[in-house]
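Read the structure below first, then the notes.
The figures here come from the full heavy-atom set of this structure, side chains too, leaving out hydrogens, waters and symmetry mates. Atoms within a ligand are numbered from 1 in the order they appear, just like the ligands themselves.
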Amino acid sequence: MSACSYSRPCWLQWTACTPDGRRRSTRPDEIATRVLNTEPASSEGFSSLSIPTHRGSTIVYPDYESFAARGKHQRHEYTYGLAGTPTTRTLQNRLTELESAHDTFLTPSGLSAITTVFLAVCSPGDRVLIPDNVYPPVRRFADGVLARLGIVAVYYDPRIAAAPIEAPERLRLVWIEAPGSTTIEIPDFGRLHTLARTQGALIGYDNSWATPLLHRPLEQGADIVVEALTKYLTGHSDLLMGSISVASEELACTVHAYITSLGLGVSPDDCFLALRGMETASVRLAHVGFSALWLAEQLQSAAPVDEVLHPGLPTFNGHRCWRKRSFGTSGLFTVVLKPEDLGAFRRRFDSLSIFRLGASWGGTHSLLAPVFLDRERSLDRSYARKPLLRISSGLEAKEDLLEDLMGNVFA
Ligand SMILES: *Cc1c(COP(=O)(O)O)cnc(C)c1O
């Protein structure tokens, strides 16, 4: 007989004996059943401050009737791991509370939260208004995927002083991202809201820059708010996740149906990290908000600097508007440098000691992102060919950050 047969794993071929040579009374493969059926320890008396991580794909039912009725379950019940576990629901509930929302849904990234909103609410023939300074992957999504589905993206100039926006026919969604990606514009919110309401369109808002700690769009009339939880809310550059919070049950049903049809879900382990990270978000935001504004003020007078784009600076276009709507500013801002050749610009990043070069933001480490907006904008060309530097202040001491910048990038 060969060492292993298909019907019996090789470690079960021999009948082990007790030390005195007698055969054991239990079947050797009984262990295979036992290993699956040990009772879990009781959690009674274990009251911890940490949110438990509940993992699971399958939900088991106590009897035939409850199994047969599982298709009739409501959104908030447990039916399958993809539809949520107590850990994912805890994160959803926390965000619902922070955003003053009706309900919240989680997606695998901030970008997928945005694309899910567009796909869930729009139909072929609809038009959507998107700001010219939108997070660039959203523009690529709109011009590619939405266009193929017959959903037309119309771009608007988000600058307060821009010409009035003309409402296209069949307007379904007005998208707002403020402060805008990289160039931090604050739009005229009142005008956008009036436009959406008179056309019967929805207002969707990417609130990743401010988070609900600094700004709550649903309290100010938006219908849907998206957060890239990847950034400040989870805050440690170690996971990707997005959230969609909605203002009504009707929108909750629309978004939930779409997410369920696509099979989108997030890992309970990531939700645990998100819940933990969020506990310190207010302290982190207060710290980075303070150092970023201080850095912005200091950098205004540095020799290579043309302009500092930060909504906390009283000279910034939109400062008063943002002050009225929000509770403060976060740690992300941008510096426009005076034009110079690419070689000289590159050399500015050769010997940084604290700042790291990286495309994301919102974590504990300070990051720099050199940016050129040559192809990202179709309306506002004022930044074309200008070297921009996006700065994400982390939790380091602000004096050390300034020294690193002044000694290298702004030398
Ligand atoms: C990073 C970012 C996103 C996307 O978040 P990911 O989780 O990285 O997909 C969306 N909106 C804005 C404004 C962002 O900066």
Side-chain angles (χ1 to χ4, degrees), residues 91 95 99 104-119 128 130-142 144-145 153 155 158 173 175-187 204-215 217 222 224-245 259 262 264-267 270-271 273-274 277-278 281 285 288 292 309-311 318 322 326 329-334 357-363 365-371 373 376-377 388-394:
L91 178 55
L95 286 161
E99 304 275 15
T104 297
F105 304 93
L106 302 171
T107 64
S109 66
L111 179 59
S112 63
I114 299 168
T115 57
T116 297
V117 169
F118 279 89
L119 292 170
V128 292
I130 296 178
D132 194 37
N133 58 0
V134 74
Y135 177 59
V138 176
R139 183 185 280 266
R140 291 192 278 277
F141 161 79
V145 178
Y155 292 93
L173 177 67
W175 192 249
I176 303 177
E177 185 190 313
S181 271
T182 308
T183 37
I184 318 284
E185 292 85 354
I186 309 292
Y205 199 113
D206 181 342
N207 196 42
S208 305
W209 188 93
T211 83
L213 282 86
L214 298 178
H215 182 226
I224 305 169
V225 63
V226 161
E227 307 285 348
L229 302 178
T230 309
K231 311 284 173 56
Y232 286 125
L233 285 172
T234 64
H236 293 76
S237 316
D238 54 7
L239 68 94
L240 290 142
M241 203 186 290
S243 64
I244 304 168
S245 296
I259 283 186
L262 282 192
L264 298 179
V266 297
S267 154
D270 284 350
C271 291
L273 288 174
M278 276 166 72
L285 272 165
V288 300
L309 309 174
H310 188 303
W322 185 248
S326 75
T329 53
S330 70
L332 187 73
F333 68 104
T334 297
L357 296 183
S360 195
W361 47 270
H365 293 260
S366 289
L367 288 176
L368 290 180
V371 185
L373 289 176
E376 314 282 18
R377 304 281 159 94
L388 305 183
L389 189 61
R390 196 178 65 186
I391 301 179
S392 172
S393 313

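For W209, the heavy-atom gap to ligand 1 stays at 4.0 angstrom or more.
Note: I130 CD1 to W175 CH2 = 9.0 Å, rounded to the nearest 0.5 Å. Distance check: E99 CD to N207 CG gives 6.0 Å after rounding to the nearest 0.5 Å. A distance of 8.5 Å separates OG in S112 from CD1 in I259, rounded to the nearest 0.5 Å.
Annotation: atom 7 (O) of ligand 1 to nearest protein heavy atom, T230 OG1, 2.5 Å. For atom 12 (C) of ligand 1, the closest non-hydrogen atom of the protein is D206 OD2, 3.5 Å. When only non-hydrogen protein atoms are considered, atom 15 (O) of ligand 1 lies nearest to K231 NZ, 2.8 Å. Regarding atom 6 (P) of ligand 1, its nearest protein heavy-atom neighbour is G110 N, 3.4 Å.
Taking a cut-off of under 4.0 Å to the non-hydrogen atoms of E177, the atoms of ligand 1 that pass are 13 (C).
Aromatic ring pairs are classed by plane angle as parallel below 30°, tilted from 30° to 60° and perpendicular above 60°; the pair W209 and W322 is perpendicular.
An N or O contact shorter than 3.5 Å links L111 to ligand 1 by distance.
Looking at I114 against ligand 1, only its side chain comes within 4.0 Å, counting heavy atoms.
Although no hydrogens or angles enter the test, the distance criterion places no donor-acceptor pair under 3.5 Å between the side chain of Y155 and the main chain of R377.
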| field | Worked check of side-chain contact (heavy atoms from CB on, under 4.5 Å) between L91 and M278 | value | CA-CA 10 Å; L91 178 55; M278 276 166 72; 3.6 Å; yes
